[in-house]
Amino acid sequence: MKTKCVSVLLACAMTLVNAQTNNGETKMDAYISALMGRMTIEEKIGQLNLPGAGDITTGQAKSSDIAEKIKTGQVGGLFNIKGVEKIRDVQSLAVEESRLKIPLLFGMDVIHGYETVFPIPLGLSCSWDMAAIELSARIAAIEASADGISWTFSPMVDISRDPRWGRVSEGNGEDPFLGAEIAKAMVRGYQGTGDKAFSSNSNIMACVKHYALYGAGEAGRDYNTVDMSRQRMFNEYMLPYKAAVEAGVGSVMAAFNEVDGVPATANKWLMTDLLRHQWGFKGFVVTDYTGINEMVDHGIGDLQTVSARALNAGIDMDMVGEGFLSTLKKSLDEGKITQDEINLACRRILEAKYKLGLFSNPYKYCDLDRAKKEIYTPEHRAIARKIASESFVLLKNEGNVLPLQKTGTIAVVGPLANTRSNMPGTWSVAVDLSKPQTLIEGLETIVKNKAKIIYAKGSNLTADAVLEQRATMFDRELGRDNRSDEELIKEALEAAENADIIVAALGESSEFSGESSSRSDISIPDVQQKLLKELLKTGKPVVLVLFTGRPLSISWENENVHAILNVWFGGSEAPAAIGDVLFGDVNPSGKLTTTFPQNVGQIPIFYNHKNTGRPLADGKWFEKFRSNYIDVSNEPLYPFGYGLSYAKFEYSDIKLSANTIDANGELTASVTISNEAGVDGAEVVQLYIRDLVGSVTRPVKELKGFEKIFLKAGESKMVSFKITPEMLKFYNYDLQYVFEPGDFDVFVGGNSRDAKSARFVLK
Ligand code: NOJ
């Protein structure tokens with residue numbers, strides 16, 4: 001009987017929706033107003049609740065605590081449940097057994113692919129290929145949506161300059177301009193664009209995170225305090241979040257850290273004034289995992305107080321902690337929050353569900369046929385393999401050791417050579433860990449029977465078994481070998497003895513970076529270094545295939561190893577992609593989006609720093625009473641934008657179309673790039689600008705444009721960048737976004753250090 005009444009009410013609401021509204025309300029507004037008119041305050045608060053999947057994933061959905069909550073209208077969505085049938089069952093609890101039949105959102109951390117996994121985001125960013133990045137998000141959305149997911153907690157766009165922080169692996173490096181371009185590409189890929197956003201059942205809602213400044217935690221320690229000037233915030237950190245909002249991202253995740261002394265989750269300036277009033281964000285904001293409860297430890301009040309503060313700040317949905325569910329009603333009764341605040345948050349969640357089309361069809365993402373046909377397909381895997389090969393960065397190639405010949409005997413040595421589970425990388429939660437090839441298998445696919453591959457482990461990941469355990473969690477273990485370090489090395493040397501060339505697969509395991517994986521020592525671990533030194537003593541060429549989720553300090557390796565190919569964690573298809581590049585079927589074209597330091601003491605080190613009042617003179621690495629170190633130069637090991645190719649690119653001088661522009665003008669900076677080598681290759685041509693004199697100090701260089709070009713052997717191409725006053729804008733002392741007349745240096749080159757320059761004046 002009750003159900004019947006509700007159906008009638010919903011039918012009335014639908015009629016309302018289909019009717020023309022005459023008071024300016026959109027159909028969506030009218031629908032939601034009608035629905036909210038039927039909701040109790042408890043049901044509204046229920047929409048703000050996002051529990052983790054909990055025991056509902058164990059197959060006892062109908063009897064679990066969460067199931068009961070769903071049926072009683074206390075849940076707005078769930079996350080990290082895998083499997084379309086399971087999701088369909090859980091959705092049916094909401095839309096068939098709850099009073100108002102409001103569908104649930106199903107979220108997941110689909111960060112760099114679903115079952116077809118792309119490189120970790122830091123690696124993906126090194127492709128500088130926006131079309132490829134968008135496509136990776138598109139494929140992730142197709143696969144996730146085919147398996148029941150309607151919402152992803154991606155893109156993660158936190159700028160970070162501290163490779164001690166494990167989550168640099170999840171972001172796009174240190175540059176705000178590039179970060180903003182990537183943020184837009186990812187949002188487009190997940191959601192679709194404009195009117196077409198969410199139009200098909202293969203578009204899902206994106207969630208830009210972690211708003212804001214999560215990548216700037218002190219000392220690179222995860223979840224740590226952040227403190228920075230507003231000027232730095234706006235000029236150097238905010239751009240990617242803002243870009244995601246401008247691209248129409250449906251949701252935003254609050255960061256764990258504080259901003260200006262107030263946790264982001266309770267920061268009204270951040271969540272309402274800036275995000276909604278200044279940037280015009282129209283979607284909903286979700287906390288990070290127990291972000292509300294953690295404010296008790298931040299020291300700003302008990303659970304009731306912090307929950308009220310979060311709502312008041314503009315948070316709409318509470319992930320996991322149930323602070324909203326357990327305290328908001330009490331706060332309302334005590335006059336600490338208002339009914340309007342609850343209504344607003346509830347409306348925003350319902351709007352998201354409406355935009356996704358869940359009210360028209362709660363099972364929109366539960367098409368069992370799609371799940372069978374559209375996940376981990378050969379087409380998706382082929383694209384992932386290609387994109388992975390674009391993300392690798394060739395750091396050194398002395399004497400053109402690379403590409404390798406597909407002949408002779410190759411010794412593949414190291415703890416990363418024979419593992420499947422460590423290939424996809426951190427935050428690949430939906431992957432089937434038994435499916436990726438090992439590196440050895442990947443290389444064998446490429447060489448077929450033309451060359452012989454022999455394997456020896458050579459060392460464990462680290463000498464310290466406890467550290468190894470921490471770095472190989474979530475079923476990503478490496479199978480610790482209990483033989484002594486010496487025995488392992490001896491076996492590797494025997495393999496090396498019989499080989500023409502040595503490929504050393506070393507570095508980090510996949511969980512050595514990622515969430516809660518900060519490191520104070522960012523070198524290749526002890527036993528692996530020992531192994532590498534022994535391998536080099538054989539006098540045979542050694543190619544270091546470097547697995548890592550962060551920039552490592554590898555000065556010694558750079559000095560001594562013949563070739564270094566940084567492969568990050570390349571995703572489910574990484575092993576074959578590594579083979580493609582090692583054997584020259586694909587010419588490497590990745591460029592670093594994060595500076596590699598010479599040592600950990602230089603951190604934070606980044607290319608777009610300020611000049612200081614005591615800069616070093618060009619060509620010097622130490623002068624007394626200048627801004628430098630006594631024991632290491634200021635130079636990075638590898639600068640931002642750096643990466644080698646098997647081709648050789650020469651840049652002409654820059655030609656400016658004019659030497660001055662006015663406030664309405666524009667000019668072009670052109671260079672001709674020629675490929676002087678006998679192989680085809682791709683090059684990322686980078687444009688940087690320096691504002692020489694400002695009302696506030698300005699960085700020595702800022703990325704303002706880039707273009708990835710493909711040049712056949714011997715071919716030349718002209719690349720032109722348009723420069724407009726708009727591109728010269730920055731946030732001044734009063735946080736106004738302005739350009740200022742004066743001199744500007746333009747740099748164009750293949751990385752942030754080695755670039756040609758020219759000067760123009762903005763009148
Ligand atoms: C915590 C992480 O900080 C966030 O990035 C992630 O989306 C949530 N957990 C949900 O898994």
Side-chain angles (χ1 to χ4, degrees), residues 49-54 56-57 66 75-82 104-114 120-122 137 140-141 144 149-160 165-172 179 183 186-187 190 204-217 220-226 240-241 244 249-259 263-265 283-295 297-298 310 315-323 425-431 473-474 511 513-518 549:
N49 188 29
L50 179 71
I56 207 150
T57 58
I66 292 177
V75 176
L78 284 168
F79 70 99
N80 288 354
I81 302 185
K82 189 177 177 209
L104 298 169
L105 290 171
F106 288 93
M108 186 183 266
D109 286 287
V110 183
I111 307 297
H112 50 112
Y114 190 71
I120 54 167
L122 185 59
I149 300 298
S150 47
W151 181 30
T152 176
F153 302 138
S154 170
M156 190 279 216
V157 303
D158 303 317
I159 297 294
S160 182
W165 190 47
R167 301 194 81 170
V168 290
S169 55
E170 280 178 70
N172 304 309
M186 302 274 305
V187 173
Y190 289 130
I204 59 177
M205 185 165 283
C207 181
V208 66
K209 67 188 189 185
H210 306 82
Y211 182 67
L213 316 181
Y214 182 37
R221 217 178 67 202
D222 211 354
Y223 320 119
N224 207 2
T225 305
V226 171
Y241 307 110
V249 72
S251 63
V252 169
M253 187 184 293
F256 285 125
N257 52 276
E258 63 180 66
V259 172
T265 309
F284 73 95
V285 182
V286 62
T287 70
D288 201 345
Y289 204 104
T290 61
I292 290 181
N293 315 59
E294 291 174 24
M295 294 196 288
D297 281 327
H298 272 287
I315 299 289
D316 305 304
M317 197 175 224
D318 174 5
M319 187 192 286
V320 174
E322 304 209 332
T426 190
W427 278 119
S428 44
V429 299
V431 70
M473 296 173 87
F474 311 126
E511 294 306 317
S513 52
E515 186 170 350
S516 188
S517 290
S518 293

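Indexing begins at 1, ligand by ligand and atom by atom, following the structure's order. What you see is a predicted model; the values in this text were computed from it and never measured.
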Under 4.0 Å from any heavy atom of [X], which atoms of ligand 1 are there?
X	result
His210	3 (O), 4 (C), 5 (O)
Lys209	4 (C), 5 (O), 6 (C), 7 (O)
Phe79	10 (C), 11 (O)
Phe153	7 (O)
Asp288	1 (C), 2 (C), 3 (O), 4 (C), 6 (C), 8 (C), 9 (N)

How long is the gap from [atom1] on [X] to [atom2] on [Y], to the nearest 0.5 Å?
X	Y	atom1	atom2	value
Met186	Asn172	CE	CG	7.5 Å
Glu322	Thr290	CD	OG1	12.0 Å
Glu511	Ser517	CD	OG	6.0 Å

TODO: Could you tell me whether Trp427 approaches ligand 1 through its side chain, its backbone, both or neither, with non-hydrogen atoms closer than 4.0 Å?
DONE: side chain

- [ ] Have a look at ligand 1 and work out which part of Met108, if any, has a heavy atom under 4.0 Å from it: side chain, backbone, both or neither.
- [x] neither

Open item on the list: For the residue pair Tyr190 / Thr152, report whether a side-chain donor-acceptor contact shorter than 3.5 Å exists.
Closed with: no

Open item on the list: For Met156, state whether at least one heavy atom is located under 4.0 Å from any atom of ligand 1.
Closed with: no

TODO: Determine whether any heavy atom of Glu170 lies closer than 4.0 Å to an atom of ligand 1.
DONE: no

Task: Centroid-centroid distance, Trp427 to Phe153, less than 6.0 Å - done: no

- [ ] Tell me which protein heavy atom sits closest to atom 7 (O) of ligand 1, plus the residue, atom name and distance to 0.1 Å.
- [x] Asp109 OD1, 2.6 Å

Task: Passing candidate, side-chain hydrogen bond (donor to acceptor under 3.5 Å, both in side chains) with Tyr214, options Asp222, Asn224, Asp158 - done: Asp222

Open item on the list: With heavy-atom distances below 4.5 Å as the criterion, would you say the side chains of Lys209 and Ile111 are in contact?
Closed with: yes

